[in-house]
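Okay, structure first, notes after.
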Amino acid sequence: MLTEKIKEQIFAVRDSGAANMCETAAVQRAAFDRGFYELVLFIEENRESYWDFILTGKE
């Protein structure tokens, strides 16, 4: 489930410019480096939901 906390973590990684948001491994690494473990697990377990949110903004 895409929670508010995970959305905030996605936005934080995006705004940092640390990773291309389409490169999930790079996003996971940037999230891990920032202590965003929920986002790392979310991408691993819910890749389709991550893509839907990144590409459409819909949950």
Side-chain angles (χ1 to χ4, degrees):
M1 180 174 169
L2 186 62
T3 65
E4 285 299 316
K5 184 174 188 175
I6 292 172
K7 284 193 270 185
E8 290 171 8
Q9 293 176 357
I10 290 171
F11 296 144
V13 172
R14 180 197 65 191
D15 293 345
S16 74
N20 178 333
M21 298 306 286
C22 293
E23 297 179 17
T24 55
V27 173
Q28 286 179 298
R29 183 66 202 177
F32 183 85
D33 290 346
R34 288 165 176 70
F36 298 160
Y37 307 117
E38 297 88 356
L39 177 54
V40 174
L41 290 174
F42 178 79
I43 292 172
E44 194 65 32
E45 296 172 355
N46 302 284
R47 201 166 300 267
E48 187 173 324
S49 294
Y50 171 78
W51 280 112
D52 286 344
F53 183 71
I54 292 300
L55 296 175
T56 67
K58 297 179 183 176
E59 299 175 34

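Everything numeric in this text was worked out from a predicted model, so none of it was measured.
- For the pair Lys7 and Glu4, the salt-bridge criterion is met [side-chain N within less than 4.0 Å of a carboxylate O].
- Taking all atoms of both residues into account, the shortest heavy-atom contact from Val40 to Ala31 is CG2-CB, 3.8 Å.
- No donor-acceptor pair under 3.5 Å is formed between the side chain of Glu38 and the backbone N or O of Ile6.
- Aromatic rings of Phe32 and Tyr37 (six-membered ring for Trp) have centroids within the 6.0 Å cut-off, being under it.
- Ring orientation note: the planes of Phe11 and Phe53 are tilted relative to one another, at an angle of 30° to 60°.
- Closest of all the heavy-atom pairs between Ile43 and Thr24 is CG2-CB, 3.9 Å.
- Of all heavy-atom pairs spanning Ser16 and Val13, the tightest one is OG-O, 2.7 Å.
- In this structure a side-chain-to-backbone donor-acceptor pair under 3.5 Å is present from Arg34 to Ala30.
- For the atom pair Tyr50 OH and Gln28 CD, the distance stands at 8.5 Å (nearest 0.5 Å).
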So Leu2 and Ile10, side chain to side chain contact (heavy atoms under 4.5 Å, CB included) or not? Walk me through it. CA-CA 10 Å; Leu2 186 62; Ile10 290 171; 4.1 Å; yes

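- Across Ala12 and Phe36, no two heavy atoms sit closer than the pair CB-CE1, 3.7 Å.
- Closest non-hydrogen pair, Phe42 versus Ser49, comes out as CZ-CB, 3.7 Å.
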